[in-house]
*Asks:* 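The structure that follows is given in the form of structure tokens.
Just the heavy atoms: all of them, side chains too, but no hydrogens, waters or symmetry mates, feed the values below.
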Amino acid sequence: MTVGCMLVPGNFDLYITNVCNLHCTNCIVLDYKGRVTIPHLSLAEIEDILSQIPVKLEQIQLVGGEPTLHPELEDILHTIRQSNKAERISIVTNGTNYTDKTARILEQFDKVIHNDYVQLNDGEAQQKLPKVDKKY
């Protein structure tokens with residue numbers, strides 16, 4: 001078996017953007033003053049990352065910030081599929097950017113992982129987002 005054919009188990013998290021539509025106070029993708037540090041990886045940067053992966057991964061997981069805010073999300077998904085570097089492609093989203101366009105794009109992923117966030121105001125829950133989970 002050549003190294004290029006080896007399937008490596010587990011997730012490879014690909015941070016495609018730190019841009020987010022939520023402003024959580026303890027967010028780890030923002031700098032210590034709450035600023036975005038990496039607006040969006042370019043498609044060329046993502047292609048370069050993929051070209052450096054010498055094996056086939058069980059799963060590439062797109063994360064961020066909020067990955068559905070990346071303007072080239074659909075192109076990124078197609079680029080990863082065409083690279084044949086992963087058995088499955090998943091995305092982790094906060095679920096607050098659902099439009100007809102993002103819903104159409106999310107349907108193309110093997111798995112959509114929706115994190116629930118509760119916005120608090122003076123100790124009371126303002127909003128609880130609906131749970132959405134697409135399984136492969």
*Asks:* Is the shortest side-chain heavy-atom distance between I89 and D110 below 4.5 Å?
*Replies:*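 A side-chain contact under 4.5 Å exists here.
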
*Asks:* So, taking the atom named CG in L50 and the one named CD in Q82, what distance separates them when rounded to the nearest 0.5 Å?
*Replies:*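 Going from CG on L50 over to CD on Q82, the span is 11.0 Å.
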
*Asks:* Taking atom CZ of F12 and atom CD1 of I49, what is their separation to the nearest 0.5 Å?
*Replies:* 6.5 Å

*Asks:* Applying side chain to side chain contact (heavy atoms under 4.5 Å, CB included), run through L22 and E66 and close with a yes or a no.
*Replies:* CA-CA 8 Å; L22 299 179; E66 175 49 41; over 6 Å; no

*Asks:* Could you measure the distance from the CD1 atom of I16 to the CG atom of L69? Nearest 0.5 Å is fine.
*Replies:*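 If I round to the nearest 0.5 Å, the distance is 9.5 Å.
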
*Asks:* Is there a donor-acceptor contact under 3.5 Å from the side chain of H70 to the main chain of V19?
*Replies:* no

*Asks:* Any ion pair linking R104 and E74 (charged N to carboxylate O, less than 4.0 Å)?
*Replies:*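 Salt bridge flag = yes for R104 with E74.
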
*Asks:* Counting N and O atoms only, with roles assigned by atom type, does the side chain of N94 sit under 3.5 Å from a partner on the main chain of T96, one being a donor and the other an acceptor?
*Replies:* yes

*Asks:* Applying the side-chain contact (heavy atoms from CB on, under 4.5 Å) criterion to I76, which one of I105, I46, I91 satisfies it?
*Replies:*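 Passing option: I46.
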
*Asks:* Please find the pair of heavy atoms, one from G65 and one from C20, that lie closest to each other, and give the distance.
*Replies:*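 Heavy atoms only, the tightest pair is CA-CB, 4.1 Å.
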
*Asks:* Can a side-chain donor-acceptor contact be found between T17 and H40 if the only test is distance below 3.5 angstrom?
*Replies:* yes

*Asks:* Indicate the atoms forming the closest heavy-atom contact of L106 with T68, along with that distance.
*Replies:* CD2-CG2, 4.2 Å

*Asks:* Can you give me the closest heavy-atom contact between E72 and L43, atom names plus distance?
*Replies:* OE1-N, 3.7 Å

*Asks:* Under the side chain to side chain donor-acceptor pair (under 3.5 Å) test, which residues partner D100, sequence neighbours left out?
*Replies:* none

*Asks:* Consider only side-chain N and O atoms of T102 and N97, and report whether a donor and an acceptor are under 3.5 Å apart.
*Replies:* no

*Asks:* Can you sort out the partners of E47 under salt bridge (Lys or Arg N to Asp or Glu O under 4.0 Å), two or more places apart, ordered by chain and number?
*Replies:*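 Residues passing salt bridge (Lys or Arg N to Asp or Glu O under 4.0 Å) with E47: none at all.
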
*Asks:* Name the residue from V55, I53, T79 that meets the side-chain contact (heavy atoms from CB on, under 4.5 Å) definition with K85.
*Replies:*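 Result for side-chain contact (heavy atoms from CB on, under 4.5 Å) with K85: I53.
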
*Asks:* So F109 and T93, side chain to side chain contact (heavy atoms under 4.5 Å, CB included) or not? Walk me through it.
*Replies:* CA-CA 12 Å; F109 280 86; T93 177; over 6 Å; no

*Asks:* I'd like to know if the side chain of E58 reaches the main chain of G10, judged simply by a donor and an acceptor atom lying under 3.5 Å from each other, with no hydrogens or angles considered.
*Replies:*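 At least one qualifying donor-acceptor pair exists.
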
*Asks:* Can you tell me how far the OG atom of S90 sits from the CG atom of D13, to the nearest 0.5 Å?
*Replies:*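 So the gap between those two atoms works out to 8.0 Å.
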
*Asks:* Would you give the length of the straight line joining atom CG of D75 to atom CD1 of I80, rounded to the nearest 0.5 angstrom?
*Replies:*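 Interatomic distance, D75 CG to I80 CD1, rounded to 0.5 Å: 11.0 Å.
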
